[in-house]
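Have a look at the structure below, then the notes.
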Amino acid sequence: MSLNINQKLGLLPSEILIDKKIINSNIRGVYGIFSCDKNKKNKHCHYIGRAADIRSRFFDVGGHFNNFILGNTSNKQMSMKITENIIKDILKGGKLVKIEVIKEVPYQFDNYYRDMQRLAYEEYKIIEEYQVKNEALHQLPEGNWIKPCKWQKLKNINRM
């Protein structure tokens, strides 16, 4: 039995605050994982990522919240990802975790390779902006792209 988004949200610690845009829609773009005080001040960026669908990146099987949803959050967990460790460390420090969309990067459907490059470029620019401020320093931009056939299907759907 698969859980819906609301059921998955209910399994996360209450100190994890998620941008409503992520919960309510499929957004292609750049996101950030931030910490902040309980009064939601003193925000600090720990991680910048990109995704063809940010909600899926967090909530699907293998996503950033996978082990939180399954209850596998011990330090001995072999499948713990860097993002999960960042979130755990923020929570251990008594701070809130804020997951936010930083920039939406919609498909333009002019050229597959250009569309993929646009997303990577925006991620690189945003990482640089935060790293200049001494934030998000322990990461390198990387990730998975959608396959050309899926991109073509999306292109065809959006032309209708």
Identified salt bridge (charged side-chain N to carboxylate O under 4.0 Å, His left out) partner of Asp110 from the options Lys155, Arg118, Arg159 | Arg118

Is it true that Val97 and Leu137 fall in one hydrophobic cluster, defined by side-chain heavy atoms closer than 4.5 Å?
-> no

Mind checking the CD1-CD1 spacing from Ile33 to Ile87? Nearest 0.5 Å is all I need.
-> 4.5 Å

Which atom of Lys41 lies closest to which atom of Cys36, heavy atoms considered | O-CB, 3.4 Å

Nearest-0.5 Å distance that lies between atom CD in Gln7 and atom OG in Ser2 = 8.0 Å

So do Ile90 and Phe34 actually touch side chain to side chain, heavy atoms under 4.5 Å?
-> no

Which heavy atom in Asp115 sits nearest to a heavy atom in Gln108, and how many Å separate them?
-> OD1-N, 2.9 Å

Would one find more than 12 heavy atoms of other residues, nucleotides or ligands at under 6.0 Å from atom OH of Tyr121?
-> no

Taking Arg50 for its side chain and Val30 for its backbone only, find out whether a donor-acceptor pair lies under 3.5 Å.
-> no

For the residue pair Tyr31 and His64, confirm or rule out a side-chain donor-acceptor distance under 3.5 Å.
-> yes

Is the number of heavy atoms from other residues, nucleotides or ligands within 6.0 Å of NZ (Lys38) greater than 12?
-> yes

What distance do Phe59 atom CZ and Phe68 atom CZ have between them, rounded to the nearest 0.5 Å?
-> 11.5 Å

Closest approach of Pro106 to Arg28 (non-hydrogen atoms, all atoms of both residues) | O-NH1, 3.5 Å

Measure the shortest side-chain to side-chain distance between Gln152 and Asn156 over non-hydrogen atoms and say whether it is less than 4.5 angstrom.
-> yes

Plane angle bin for Tyr112 and Trp151 - parallel if under 30°, tilted between 30 and 60°, otherwise perpendicular = perpendicular

Of all heavy-atom pairs linking Asn66 and Asp60, the shortest is OD1-O, 4.3 Å

Distance in Å, Ile127 CD1 paired with Glu129 CD, rounded so as to fall on 0.5 Å steps | 10.5 Å

Test salt bridge (Lys or Arg N to Asp or Glu O under 4.0 Å) applied to Lys98 - qualifying residues, sequence neighbours left out = Glu100

Ile102 side chain reached by Tyr130 side chain, heavy atoms, under 4.5 Å = yes

Shortest non-hydrogen contact between Leu154 and Asn158, atoms and distance = O-ND2, 2.8 Å

Sequence neighbours excluded, which residues qualify as salt bridge (Lys or Arg N to Asp or Glu O under 4.0 Å) partners of Glu122?
-> Lys103, Lys125

Quick check: does any side chain N or O of Asn26 sit under 3.5 Å from a backbone N or O of Asp53, one acting as donor and the other as acceptor?
-> no

Supply the atom-to-atom distance Leu96 CG to Lys40 NZ, rounded to the nearest 0.5 angstrom.
-> 7.0 Å

State plainly whether one hydrophobic cluster holds both Ile48 and Val132, where clusters connect Ile, Leu, Val, Met, Phe, Trp and Tyr through side-chain heavy atoms under 4.5 angstrom apart.
-> no

Measure up the His46 and His44 rings against each other and bin them: parallel (under 30°), tilted (30 to 60°), perpendicular (over 60°).
-> perpendicular

Identify every side-chain donor-acceptor pair in residues 15-22 under 3.5 Å, counting partners at least two apart or on other chains, and give the distances.
| from | atom 1 | to | atom 2 | distance (Å) |
| --- | --- | --- | --- | --- |
| Asp19 | OD1 | Lys21 | N | 3.0 |
| Asp19 | OD2 | Val101 | N | 3.0 |

Inter-residue atom distance Ile54.CD1 - Arg57.CZ, 0.5 Å rounding = 11.0 Å

